[in-house]
**Student:** 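Once you've had a glance at the structure underneath, I'll fire off some questions.
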Amino acid sequence: MDGIYPELARRTDPGKLLGYLNFSDGRPDPRFQKGLADAYGLLLDHAEAAPWQTVLDWLGKSLADLAA
């Protein structure tokens with residue numbers, strides 16, 4: 001599963017997604033929505049069985065990487 005993470009990061013910047021989740025005041029942001037849709041689109045193209053879990057794991061790993 002970790003093999004898809006670099007491709008996800010090329011498709012959409014995990015730092016921007018995490019920044020929105022951390023600092024957003026709750027208003028919809030089209031850039032965040034597009035980034036999330038791009039990530040899910042890539043996972044669906046790869047026939048990922050549980051794309052929501054992969055996105056969660058990827059964002060968690062990206063958060064740990066950014067914190068380090």
Side-chain angles (χ1 to χ4, degrees):
M1 186 152 337
D2 286 345
I4 193 93
Y5 293 169
E7 196 170 345
L8 277 168
R10 282 191 297 274
R11 178 76 59 103
T12 187
D13 182 0
K16 290 182 180 178
L17 296 176
L18 290 165
Y20 173 82
L21 292 171
N22 193 34
F23 299 111
S24 166
D25 61 3
R27 284 181 286 180
D29 181 346
R31 291 173 296 186
F32 170 78
Q33 293 169 340
K34 181 180 181 336
L36 201 56
D38 288 347
Y40 275 98
L42 175 70
L43 295 172
L44 292 174
D45 288 347
H46 283 90
E48 191 72 33
W52 54 89
Q53 187 63 54
T54 304
V55 168
L56 178 65
D57 295 343
W58 171 61
L59 289 176
K61 182 180 181 323
S62 297
L63 182 60
D65 292 346
L66 287 170

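These numbers come from the heavy atoms of this one structure, side chains and all, not from hydrogens, waters or symmetry mates.
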**Student:** Which residue pairs satisfy the salt bridge (Lys or Arg N to Asp or Glu O under 4.0 Å) criterion with at least one member in residues 20-29, sequence neighbours excluded?
**Tutor:**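 Of all non-adjacent pairs touching residues 20-29, those that pass salt bridge (Lys or Arg N to Asp or Glu O under 4.0 Å) are Asp25-Arg27, Asp29-Arg31.
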**Student:** I want to check something: taking the side chain as every heavy atom from C-beta on, are Leu17 and Trp58 in contact at a cut-off of under 4.5 Å?
**Tutor:** yes
**Student:** Check the pair Asp57 / Tyr5 against side chain to side chain contact (heavy atoms under 4.5 Å, CB included), numbers first and verdict last.
**Tutor:** CA-CA 9 Å; Asp57 295 343; Tyr5 293 169; 3.1 Å; yes
**Student:** Applying ring pair (Phe, Tyr, Trp, His ring centres under 6.0 Å), which residue pairs with at least one partner in residues 25-57 are found, sequence neighbours left out?
**Tutor:**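 For residues 25-57: Tyr20-Phe32.
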**Student:** Taking a hydrophobic cluster as the set of Ile, Leu, Val, Met, Phe, Trp and Tyr residues connected by side-chain heavy atoms closer than 4.5 Å, whether directly or through intermediates, do Leu18 and Leu56 fall within one such cluster?
**Tutor:** no
**Student:** How long is the straight-line distance from CG of Leu59 back to CG of Leu36, given to the nearest 0.5 Å?
**Tutor:** 7.5 Å
**Student:** Scan residues 10-24 for pairs that pass salt bridge (Lys or Arg N to Asp or Glu O under 4.0 Å), counting only residues two or more places apart or in two chains.
**Tutor:**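 Of all non-adjacent pairs touching residues 10-24, none passes salt bridge (Lys or Arg N to Asp or Glu O under 4.0 Å).
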**Student:** Grab the two heavy atoms, one from Ser62 and one from Pro14, that are nearest each other, plus how far apart they are.
**Tutor:**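 Ser62 and Pro14 have their closest heavy atoms at OG-CB, 3.5 Å.
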**Student:** Are any of the side-chain heavy atoms of Leu8 and Val55 separated by less than 4.5 Å?
**Tutor:** no
**Student:** Quick one: CD1 on Ile4 to CG on Leu42, what's the gap to the nearest 0.5 Å?
**Tutor:** 4.5 Å
**Student:** With the side chain counted from C-beta on, respond yes when Leu44 and Pro51 share a heavy-atom pair under 4.5 Å apart, and no when they do not.
**Tutor:**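 SC-SC contact between Leu44 and Pro51 confirmed.
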